[in-house]
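Report on the structure given below.
Given the structure is predicted, the values throughout are model-derived calculations rather than measurements.
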Amino acid sequence: MFGPAALLTLATLSGLLAGFAREWLLVAAWGAGGRSDAFLVAMFLPEALRTLLAGGLLSAALLPLWQAQAPQRRGGWLAGQLRHWLGAGLGLAALLSLAAPWLTRALAPGIGAAHAELAAAALRWLAWLAPGLLAQAVLAVPLQAQGRFLLAGLGSLLFNLPAAFYLYWAGPAATATALAQCFLAGSLLMAAALLPGNWRLGWRPWLRAGRGEVIQAWRQLWPLLASGAASQGLGLLERLAASLLGEGTITLLNLARKLINLPLIALMSLNQVLLGKMSGALGADRLRLLERGLAACTLLTLPAAAGLIGAAPALVALLLPGGLAASGLPLLLALYAPGIVFGAWNALLARYCYAGGDTRGPLALELAGSALSAALLLTLPRWLGLPGLALATLAGVWLTGALLAARLGQRLLPRLARQGLAASVPLAAAGLLLFPLRGFGPWPQLALAALAGAVLLLGLGWRFRSESTTPTASHPDNANGIPSDPRA
């Protein structure tokens, strides 16, 4: 499990670091103000599509269909899927480009007219990222089915590199149009990198696909698409609420999200690997994979979340341009951090359903959590300001997790509730004891937070190792609360 996940993690880490460098260079060049806000508004829809695809939207739908094809039919199946999704991407790009002025005003009603025009001009170029992003997601499926995750994981690096190099070279003279064109080049690079591997697997662009194969893909996809659209709708509401809190707030929100994404790389990689493994497993074997996956998620995310909370002021002071440490960004980052742990559990529970071909079951549950978050996003930021954005999101994550655990049964809900309370202890301790230490300087605070995270990681690692070497059947009341017998 950890071998392929480690390779994918390293590949994804390189992409996230390039993305973080891109954000840093953007703020350094343009500042945390209206110009940066405008470009981030234009980036929201293309970036939302990229996030959905990187999180496995298409792969979760297409991977079971690829595996169900006879080996001699797979090349034609892939050719048909690629043609269809390229066409869908071109249609989506044309629609976004034409609707750019109205979309940017709807996404951020709080920005000024001049910045809204800048955002619309950038979106007209950024809309054309869609074909390359969709092509990359389709081409990644055969490679992931063979356990070859590295090239697909490098997509984020290839996407971000042209923009990062341009911002470094141009500095304050960078223009929104040229930056958007750099992202377009990155989207084409990430798709082109996967063509040689698929050619070796038998794909040829002229092969004919069977009838009804695209319809099957959409049947698998639409529940995932609805769930993903709800999740990205929350991101839209976040930016809408942030635009009403003042100039530069969208940039602060985006930076907090970028920093939170850094520890999520191992989780995304682990989920992609587990999805492939669980798709090929049945019954008790799939349950055992879920059990180990939940333990691994806790091992990877809880130390990272506690460290982020404790080191939030230091990280902002050391990693981001000057002046942001005195803003509300450190507190916003700390309040988003607990969602790393609970969101990790939710993602794995949902993928357990996806692996069995059930993409519709988790949809209503995820929509219920999204609805709660949406309602709170319309109210909490008015009363609490920036912290209200993070608290609204966390409430929805909790509700989604509770509903998914209750659906799966296996006495999972009460056990995960106890695990959640136990996980809250180190998170609260980091917030109460380490976060207020900003007065001692960033380096001492960072060192103490890193030490606390390392101790927590070692403790959880020892527990994970001891449980993995003990026969599961003798531990029906294991840490993740899933009996080894599916009939239990």
Side-chain angles (χ1 to χ4, degrees), residues 46 48-96 129-146 148-149 151-152 155 187 190-191 194-195 197-199 201-232 271-272 274-280 347 350-364 366-367:
L49 176 61
R50 191 174 75 91
T51 301
L52 286 172
L53 297 174
L57 177 75
L58 265 182
S59 61
L62 297 184
L63 190 58
L65 299 178
W66 165 268
Q67 292 173 328
Q69 300 296 315
Q72 65 272 17
R73 288 287 310 129
R74 286 176 173 173
W77 180 89
L78 181 60
Q81 294 294 330
L82 186 57
R83 286 192 293 268
H84 172 77
W85 292 107
L86 276 173
L90 289 170
L92 177 61
L95 180 63
L96 292 178
L129 300 180
L133 296 177
L134 286 166
Q136 193 268 352
V138 174
L139 291 169
V141 170
L143 302 180
Q144 290 174 350
Q146 289 198 333
R148 297 161 61 185
F149 299 95
L151 270 179
S187 71
M190 61 192 291
L194 302 182
L195 290 175
N198 281 281
W199 185 275
L201 291 176
W203 165 76
R204 301 293 185 270
W206 54 81
L207 292 177
R208 297 188 59 174
R211 293 184 178 181
E213 291 176 347
V214 169
I215 296 175
Q216 287 180 332
W218 275 104
R219 285 174 179 167
Q220 288 286 99
L221 180 64
W222 80 261
L224 299 174
L225 188 61
S227 174
S231 174
Q232 295 304 318
N271 279 340
Q272 289 293 87
L274 280 170
L275 177 63
K277 289 182 176 294
M278 288 192 294
S279 295
R351 276 162 176 75
Y352 178 80
C353 299
Y354 300 161
D358 178 16
T359 57
R360 296 172 176 81
L363 173 60
E366 294 172 353
L367 289 177

Worksheet entry | Minimum-distance pair of heavy atoms, taken over all atoms of L133 and P46 | CD1-O, 3.8 Å
Worksheet item: Sub-3.5 Å donor-acceptor pair from the side chain of R83 to the main-chain atoms of P205, do we have one?
Response: yes
Discussion item. For a side-chain contact (heavy atoms from CB on, under 4.5 Å) check, start with the C-alpha distance between L62 and L221, then their side-chain angles and the critical distance, and finish with the verdict.
Written reply: CA-CA 8 Å; L62 297 184; L221 180 64; over 6 Å; no
Discussion item. I want to check something: taking the side chain as every heavy atom from C-beta on, are Q136 and L53 in contact at a cut-off of under 4.5 Å?
Written reply: no
Practice prompt. Answer whether the closest heavy-atom distance between the side chains of V138 and L194 falls below 4.5 Å.
Written response: no
Worksheet item: Checking R204 side chain against G75 main chain: does a donor-acceptor pair fall under 3.5 Å?
Response: no
Discussion item. Please give me the minimum heavy-atom distance between P142 and N198, naming the atom from each residue.
Written reply: CG-OD1, 3.2 Å
Worksheet item: Is there side-chain contact between L49 and L129, with at least one heavy-atom pair below 4.5 Å?
Response: no
Worksheet item: For G132 and A191, which heavy atoms make the closest approach, and how far apart are they?
Response: O-CB, 3.7 Å
Item to complete: For the pair W218 and W85, name the ring-plane relationship: parallel under 30°, tilted 30 to 60°, perpendicular over 60°.
Response: tilted
Item to complete: Please name the pair of heavy atoms, one in A137 and one in L58, separated by the smallest distance, quoted to 0.1 Å.
Response: CB-CD1, 3.7 Å
Worksheet entry | Q81 (side chain) donor-acceptor with E213 (main chain) under 3.5 angstrom | yes
Worksheet, complete the sentence: Of all heavy-atom pairs linking A130 and G89, the shortest is CB-O, 3.6 Å
Practice prompt. State, to 0.1 Å, how close A88 and L134 come at their nearest heavy-atom pair, and which atoms those are.
Written response: C-CD1, 4.4 Å
Worksheet item: Has W199 got more than 12 heavy atoms of other residues, nucleotides or ligands less than 6.0 Å from its CH2?
Response: yes
